[in-house]
Amino acid sequence: MTNFELISKSSNADHQDIDVLIAGAGPTGSTLAADLLRRGLRVRLIDKAPHAFKGSRAKGVQPRTLEVFEDLGILDEALAEGGAYPLAGLHVGPFTLPWRMIQRNKPTPSVPYPNTLLLPQLRTDAILHRLIDRLGLKIEFGTAVEGFEQDSDWVIAKLSSGEKVRCRYLVGADGGSSTVRKAAGIGFVGEINESDKWLIVDGTVDKLSRNRWHMWPRTHGKSVAVCPLPHSDQFQIMIRLKTDETPVLDEAALTAQFYTLTGFRLHCITWSSVFRPNIRLAKNYRAGRVFLAGDAAHIHTPAGGQGLNTGVQDAYNLGWKLGQVISGAPDSLLDSYEAERQPIAARVLGKSSEIYSGLDKRRLSSLKRGDEERQLGISYHAGPLVPADTAVTKTLQVGDRAPDAPCIGPGGARRLFDLYQGPHFTLLAFGANAAKALPELTWPTAGAELRRYIVGNGSGDDTSIKDTTGNLQRIYGITSDMLVLIRPDGYIGNIIQNNWQGAFDNITRTITPSRTNAIPPSYA
């Protein structure tokens with residue numbers, strides 16, 4: 001009998017079975033833990049670091065990620081602790097030229113949070129960690145996955161503490177040097193330029209204005225960027241070194257170098273790091289019962305502020321699928337995670353590399369940030385969860401982001417996002433025929449709940465939505481009787497125009513639990 005079999009057959013006195021073990025308590029792992037906890041799953045979240053991350057590193061939270069944070073109930077905290085990006089200030093000789101690097105957009109009924117939020121990563125982590133604490137989970141710092149074995153039912157992970165954990169699934173959100181990825185034997189394809197090095201420093205700078213993202217594009221053969229961090233006296237400082245220069249993180253050396261490059265005095269350094277732009281993508285996001293997310297699956301250049309956001313949305317995509325499969329949905333639903341998210345990461349890698357290449361060539365236009373970086377246009381319409389014969393509306397197809405819209409709904413809801421908030425599916429019925437079919441559609445009692453609403457003039461009950469302005473139907477492009485299914489991660493799961501029950505069954509059999517897929521009694 002193998003060691004794996006001995007562990008698998010051992011009693012619960014020797015270990016506690018859990019649903020999901022997550023390695024890495026950064027933004028990706030923390031988002032996943034929070035989503036799984038609100039689904040009632042048994043989760044452990046570990047991190048090899050002795051404490052939470054202390055630096056500003058990934059400081060741009062994109063609009064789509066803000067919508068994820070709203071769904072998790074932490075948006076107000078993020079907005080309170082973050083701020084708007086200032087104009088760039090380009091230092092050219094004795095002049096400082098103001099320039100808008102990141103476009104400012106006005107909120108609309110369909111896009112309530114249109115702008116990138118400046119929020120240092122340590123604060124993003126802290127907000128997510130407070131959420132996890134409220135959900136009743138303690139993060140286990142100073143604990144790493146050292147290896148694992150798996151069979152068709154379980155993963156046995158060995159921790160650095162010597163403990164062995166038996167879990168249904170293991171998720172590696174443990175960064176670019178992911179132990180989980182290496183132990184799973186998953187290739188990490190790409191390149192790193194060892195001669196391209198940046199210093200990243202958090203500190204205070206005397207007499208430097210805080211209303212600009214200061215940039216010295218050419219100073220002593222180097223590039224320097226200094227961004228004020230909101231609600232503090234600190235700046236994030238990035239210095240691109242010469243190709244043959246050895247990084248030095250000694251505080252005295254950093255302050256001396258900064259003064260030579262900018263003429264300003266740096267002090268009170270709280271965090272510093274050496275960064276080498278690395279462009280890599282995991283060959284697979286899944287190996288049996290083991291998954292990768294965030295930097296463990298893809299590493300980007302810093303250009304465009306995409307890495308943290310892509311990782312958070314990996315977790316948001318994977319969370320509801322793990323919850324459904326653990327409740328008895330087909331295992332094939334988990335294959336859709338890689339199929340949906342890997343192409344997104346590949347496209348983001350390409351875009352950030354393009355921007356970074358432009359910076360390399362000192363193209364000012366490469367500093368511009370636009371709609372693509374906001375990640376609101378991401379769609380899974382080419383993915384495996386889209387039925388071949390699905391309908392479309394004038395504005396949406398299956399796989400698109402489900403936009404917000406004004407409405408009057410049950411419980412005082414004033415927007416669709418109020419109704420979507422939570423770990424459930426949502427089904428909207430437009431038109432008399434769809435409204436008539438709505439209560440007759442079958443949905444399993446296991447797994448995520450389905451909430452059903454009739455969109456119209458509103459009857460005042462718990463299933464009606466009043467579209468007083470007509471904006472809801474306009475935004476959703478509704479021109480006839482339709483059912484629109486919204487996934488828990490805020491994407492369109494199906495659009496049905498007729499054959500209500502048959503078309504509904506076609507999609508639900510791939511995403512909802514069935515008796516034949518029920519969890520074995522030994523796991524109950």
Side-chain angles (χ1 to χ4, degrees), residues 17-49 68 72 125 128-129 132 135 137 139-141 143-150 153-160 164-186 188 281-299 307-308 310-327 329 331 333-342 344-345 423 488-489:
D17 295 344
I18 60 170
D19 294 306
V20 184
L21 174 64
I22 303 169
T28 300
S30 296
T31 297
L32 179 60
D35 192 35
L36 296 177
L37 287 167
R38 68 178 182 165
R39 297 176 189 281
L41 299 184
R42 294 170 292 181
V43 178
R44 286 179 67 175
L45 177 59
I46 65 174
D47 196 294
K48 64 184 178 182
V68 176
L72 293 174
D125 282 358
L128 285 162
H129 292 175
I132 289 167
L135 292 169
L137 182 67
I139 301 171
E140 301 171 57
F141 286 105
T143 307
V145 171
E146 291 191 336
F148 63 83
E149 295 179 316
Q150 63 173 312
D153 296 315
W154 298 97
V155 179
I156 307 294
K158 181 182 178 182
L159 306 186
S160 56
K164 291 185 172 65
V165 178
R166 187 165 85 156
C167 52
R168 281 289 176 186
Y169 297 98
L170 167 64
V171 179
D174 49 343
S177 59
S178 171
T179 300
V180 173
R181 186 189 65 244
K182 293 172 184 175
I186 296 175
F188 206 32
L281 181 65
K283 279 191 171 183
N284 302 104
Y285 281 24
R286 180 183 189 183
R289 291 182 167 271
V290 178
F291 293 84
L292 303 178
D295 286 354
H298 44 79
I299 300 183
L308 178 151
T310 304
V312 165
Q313 290 163 51
D314 287 345
Y316 198 49
N317 183 287
L318 180 59
W320 72 269
K321 295 174 181 178
L322 284 170
Q324 288 297 91
V325 172
I326 288 171
S327 297
D331 178 79
L333 177 59
L334 292 173
D335 290 332
S336 72
Y337 166 62
E338 176 182 315
E340 289 187 338
R341 292 302 302 167
Q342 192 183 51
I344 301 299
D489 60 350

Within the side chain of Asp174, is there an N or O that forms a donor-acceptor pair under 3.5 Å with the backbone of Val180? yes
Hey, does Gln342 have a side-chain heavy atom less than 4.5 Å from the side chain of Leu281? yes
Any sub-3.5 Å donor-acceptor pair from Glu149's side-chain atoms to Lys158's backbone N or O? no
Walk me through it: do Asp125 and Ser30 pass the test side chain to side chain contact (heavy atoms under 4.5 Å, CB included)? CA-CA 8 Å; Asp125 282 358; Ser30 296; 5.6 Å; no
Are Leu159 and Val145 packed together at the side-chain level, in the sense that at least one heavy-atom pair is separated by less than 4.5 angstrom? yes
Is the backbone of Val68 close enough, under 3.5 Å, to the side chain of Gln313 for a donor and an acceptor to pair up by distance? no
Please round to the nearest 0.5 Å and tell me the distance separating atom CZ of Phe291 and atom CG of Leu322. 6.0 Å
Do you know which two heavy atoms are closest between His298 and Asp314, and how far apart they sit? NE2-OD2, 2.6 Å
Where is the tightest heavy-atom contact between Ile139 and Ala25, given as atom of each residue plus distance? CG2-CB, 3.8 Å
Please answer whether the main-chain N or O of Trp154 pairs with a side-chain N or O of Arg168 as donor and acceptor at a distance below 3.5 Å. no
Rounded to the nearest 0.5 Å, how far does CG of Leu36 lie from OG1 of Thr31? 10.5 Å
Short question: side chain of Glu338, backbone of Asn284 - any donor-acceptor pair under 3.5 Å? no
Here the pair of heavy atoms bringing Thr28 nearest to Ala315 is O-CB, 3.4 Å
Would the distance check show the side chain of Arg42 and the main-chain N or O of Cys167 forming a donor-acceptor pair, the cut-off being under 3.5 Å? no
Do Arg39 and Ser327 come close enough that some side-chain heavy atom pair is under 4.5 Å? no
Roughly how far, to the nearest 0.5 Å, is CD1 of Ile22 from CZ of Arg44? 12.0 Å
Full working for side chain to side chain contact (heavy atoms under 4.5 Å, CB included) between Ile186 and Val290: CA-CA 10 Å; Ile186 296 175; Val290 178; 5.9 Å; no
Main-chain N/O of Val155 paired to Arg289 side chain as donor or acceptor, under 3.5 Å: no
Please round to the nearest 0.5 Å and tell me the distance separating atom CG of Leu72 and atom CG of Leu128. 7.5 Å
Start with the C-alpha gap between Ile18 and Val43, add the side-chain angles, then the distance that decides, and say whether side chain to side chain contact (heavy atoms under 4.5 Å, CB included) holds. CA-CA 6 Å; Ile18 60 170; Val43 178; over 6 Å; no
Looking at every heavy atom in both Ala144 and Lys48, which two are closest together, and how far apart are they? CB-CB, 3.6 Å
Could you go through the side chain to side chain contact (heavy atoms under 4.5 Å, CB included) check for Tyr169 and Ile326 one step at a time? CA-CA 9 Å; Tyr169 297 98; Ile326 288 171; 3.7 Å; yes
CG of Leu333 to NZ of Lys321, rounded to nearest 0.5 Å, is 6.0 Å
Are Leu318 and Tyr285 close enough that some pair of their side-chain heavy atoms sits under 4.5 Å apart? no
Closest approach of Arg181 and Leu292, non-hydrogen atoms and distance? CG-CD1, 3.4 Å
In terms of the angle between their ring planes, are Phe141 and His129 parallel, tilted or perpendicular, with boundaries placed at 30° and 60°? perpendicular
For Gly319 versus Leu32, what's the shortest heavy-atom pair and its separation? CA-CD1, 3.6 Å
Separation between CG (Asp35) and CH2 (Trp320), nearest 0.5 Å, reads 11.0 Å
